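Please read these numbers as outputs of a predicted model, since none were measured by experiment.
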Amino acid sequence: MSFKIIADYYYNTEKPLAQDAFGSIYQAKHKTSKKKLALQVIPRALTKGKARWVQLLKQEINVAKSSNKKSGLPLLDIRRTENNLYIFT
């Protein structure tokens, strides 16, 4: 198994739960609490020089933020690296 650590979370890079237009969705765990959560990994290369992709991505983040109140699925964290954007819910 190949695990990747991002901030206080880790996930198995070999086991995506799903794929969407922006990237892959994984099950991640918090390092200390072991709480499970969803992680969307979005390659930043998808958005470089593509204003429409950036707009769609911002809409997706806003939907995740607004769904905090409606569905109980909280947007826990957003992290950015040189290559990827990570959305934790």
| field | Lys29 and Leu39, any side-chain heavy atoms less than 4.5 Å apart | value | no
| Hey, are the side chains of Phe88 and Ile6 touching, using non-hydrogen atoms and a 4.5 Å cut-off? | yes
| task | Classify the side-chain pair Ser24/Gln19 by whether it contains a donor and acceptor separated by less than 3.5 Å. | result | yes
Among the clusters formed by ILVMFWY side chains lying less than 4.5 Å apart, do [X] and [Y] turn up in the same one?
| X | Y | answer |
| --- | --- | --- |
| Ile42 | Leu17 | no |
| Tyr86 | Tyr26 | yes |
| Leu75 | Ile25 | no |

| said: If the condition is side chain to side chain donor-acceptor pair (under 3.5 Å), which residues does Asp20 pass it with, not counting sequence neighbours? | reply: Gln40
| task | List in chain and number order the residues that pass side chain to side chain contact (heavy atoms under 4.5 Å, CB included) with Thr32, two or more places apart in sequence or in another chain; answer none if no residue qualifies. | result | His30
| note | Lys34 meets the side chain to side chain contact (heavy atoms under 4.5 Å, CB included) criterion, sequence neighbours left out, with Tyr10
| task | Might you point out which heavy atoms bring Leu37 and Thr89 nearest each other, and give the distance in Å? | result | CB-O, 3.1 Å
| task | Could you tell me the separation between the CG atom of Asp8 and the CG atom of Asp77, rounded to the nearest 0.5 Å? | result | 8.0 Å
| message | Can you tell me how far apart OG1 (Thr13) and NZ (Lys4) are? Round to the nearest 0.5 Å. | response | 8.0 Å
| request: Carefully, step by step, assess Phe3 and Tyr11 under the rule ring pair (Phe, Tyr, Trp, His ring centres under 6.0 Å). | output: CA-CA 5 Å; Phe3 288 91; Tyr11 68 100; 8.5 Å; no
| request: For Arg44, look at atom CZ and say whether over 12 heavy atoms of other residues, nucleotides or ligands are found less than 6.0 Å away. | output: yes
| Counting only heavy atoms not in Lys31, do more than 12 sit closer than 6.0 Å to its NZ atom? | yes
